[in-house]
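Positions are given from 1 along the sequence. Atoms within a ligand are numbered from 1 in the order they appear, just like the ligands themselves. This structure is a prediction, so every number in the text was calculated from the model and none was measured.
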Amino acid sequence: MSFAPKPMKFYGLHDIEKLPQLSKLSAGQRFDMKVVSHVLPFRTNSYVVEELIDWDNIPADPIFQLTFMQRGMLKPEHFDKVAAAVKSGDAAKIKAEADAVRMALNPHPAGQMTANVPVMDEEPVAGVQHKYRETCLVFPSSGQTCHAYCTFCFRWPQFVSLDSLKFATDKSMRFQAYLKRHKEVTDVLFTGGDPMVMGIRNLRAYIDPLLGPGFEHLQTIRIGTKSISYWPYRYLTDRDSADVLKLFERIVESGKHLAIMAHFNHWQEMQPAAAHAAIRAIRGTGAQIRTQSPLVKYINDDAGVWARMWTEQVRLGCIPYYMFIERQTGAKAYFAIPLARAYEIYRGAFVQVSGLARTARGPSMSALPGKVAIDGITTINGEKVFALRLIQARNPDWAQRPFFVKYDEKATWLYDLKPALGEKEFFFERELRAMLKKKEEALTAATQAASP
Ligand SMILES: *Cc1c(COP(=O)(O)O)cnc(C)c1O
């Protein structure tokens, strides 16, 4: 099947009154949407609006919830303050109120700005997070936006006007020197934002050097992207689509694995023919597509939705990889699902599908010590517990050791949980404290060296 070239139209805060589809909502609902969009980044596009959302099913439609802001995403007291500022029409006041609310939304959870940033030659390496030995995250400065923004995005500070909250590589590309030196790194994950918003020249500038000498230890180039869902034409009809696919082929020909870490939240994103064609085109280059998603209320908090999503992914040749618990940031209170329920949804989906669709691990929390999976709910010596396990850990030796915490029906994150079976703290905590202290000292020393 061939597709006619499509120009993309972005829609933001100032299009809320103009989009014909939104005339179905009341003026009050559109006002609410605008208030929230002053705080959390709102962007959608013509493909999402025209081909993914079922406008006969709003506001319940999962893709509507995925890209359009809802009043409940802000706490009532936050909402009221920003709403008053918006009514006043005073731009400076709106910005001040919005910024104050943003700072109250835990913009960088799990130590992302401190504990994960590596230091090289007494200087932090801009735009890099290195938490797990084998895998380094790189945030290309020109890839820090997306074709549309997810309402639940845990990296929302990347897209708002508070510069101090942003995270990206600098022009010197020191990340390359860092990777060259760190032979223990096998995987580089380009992430964002969405690296696939970059044009071919920027993509090559980031990726090409890693295919050359000095980087033989890198086995896998990963690209984290939502583009197959939000703009499949990236691989079909954009001006540089053919060049992007050629670059993918070149990565594979260089002897490295190319893993497209595709973000899908709902099977509805995988229905359009354009999405199927994009998946075929990417797989045709020799790349693999692995899929991941957080579990979020109003969007995919249903075992049947996950079972169908994983099954359709397998049919299209994609490999289900992770189910995440939504992080402690942004509109978390709106989307949160108790861990006990998350586990039941995961298990409920798992038992419905074939072995090939059971490759998604989870439900997993990306927390300070690592990725913590909920393996089960059980009773030991009369005490009801969650069985937990680190899938990934700051110290690789912490992984795959079962540990138990008191069952808590309401808990939504690791920090709500207490050790069970008479333990005082989790087995990794003393060592984690020492690691974080050391890390902080290195960063402080680097900051002092930088400002004599
Ligand atoms: C999930 C994650 C990775 C990748 O872990 P894998 O289990 O190898 O996919 C790397 N760094 C961070 C910070 C992560 O959260």
Side-chain angles (χ1 to χ4, degrees), residues 106-119 124-140 143-144 152-158 167-169 175 178-179 182 184-195 210 217-226 256-264 287-295 318-329 346 359-375 388-401 413-414 428 432 435-436 439 443:
N106 188 24
H108 287 289
Q112 288 186 70
M113 289 296 261
T114 50
N116 298 352
V117 178
V119 171
V125 187
V128 172
Q129 289 185 13
H130 192 186
K131 180 172 178 180
Y132 307 127
R133 188 177 55 199
E134 293 82 8
T135 306
C136 230
L137 271 53
V138 176
F139 295 70
Q144 296 314 309
F152 60 73
C153 182
F154 77 94
R155 295 223 174 105
W156 62 272
Q158 292 292 86
F167 201 89
T169 50
F175 83 91
Y178 181 82
L179 288 175
H182 284 265
E184 76 279 18
V185 176
T186 57
D187 292 37
V188 176
L189 168 56
F190 289 101
T191 183
D194 191 328
L210 306 186
H217 55 296
L218 298 180
Q219 302 201 48
T220 300
I221 308 288
R222 304 193 202 182
I223 302 176
T225 185
K226 181 87 183 165
K256 298 196 196 299
H257 175 48
L258 173 60
I260 301 300
M261 309 306 290
H263 190 162
F264 288 107
Q288 285 285 11
I289 303 172
R290 289 181 174 76
T291 64
Q292 53 192 40
S293 168
L295 173 56
C318 305
I319 305 167
Y321 188 57
Y322 272 134
M323 175 200 272
F324 290 116
I325 303 280
E326 177 63 355
R327 294 194 204 209
Q328 301 295 90
T329 179
Y346 176 82
T359 50
R361 287 169 302 163
S364 162
M365 293 172 266
S366 270
L368 209 49
K371 282 189 168 64
V372 181
I374 303 158
D375 274 344
L388 305 183
R389 170 178 58 107
L390 281 149
I391 304 174
Q392 274 294 5
R394 263 177 213 282
N395 174 350
D397 194 45
W398 298 344
Q400 291 303 86
R401 298 177 186 270
W413 197 251
L414 184 64
F428 51 76
L432 176 62
M435 285 169 101
L436 294 175
K439 188 86 217 182
L443 270 179

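Looking at residues two or more places apart in sequence or on another chain, you find a ring-ring contact (aromatic ring centres under 6.0 Å, His included) between F324 and Y322. Judged as a salt bridge (Lys or Arg N to Asp or Glu O under 4.0 Å), and not counting sequence neighbours, R290 has no contacts. With sequence neighbours left out, the side-chain contact (heavy atoms from CB on, under 4.5 Å) criterion links P118 to V125, V128, H130, Y178.
Considering every non-hydrogen atom in both A399 and A393, the closest pair reads N-CB, 4.3 Å.
The aromatic rings of F152 and H263 are tilted relative to each other, their planes meeting at an angle between 30° and 60°.
For R361 and Y321, the positive end sits near the middle of the six-membered ring, less than 6.0 Å away and at most 45° from its axis.
Closer than 4.0 angstrom to ligand 1 by heavy atom are K131, Y132, T135, L137, R222, Y321, Y322, S366, K371, Q392, sorted by chain and number.
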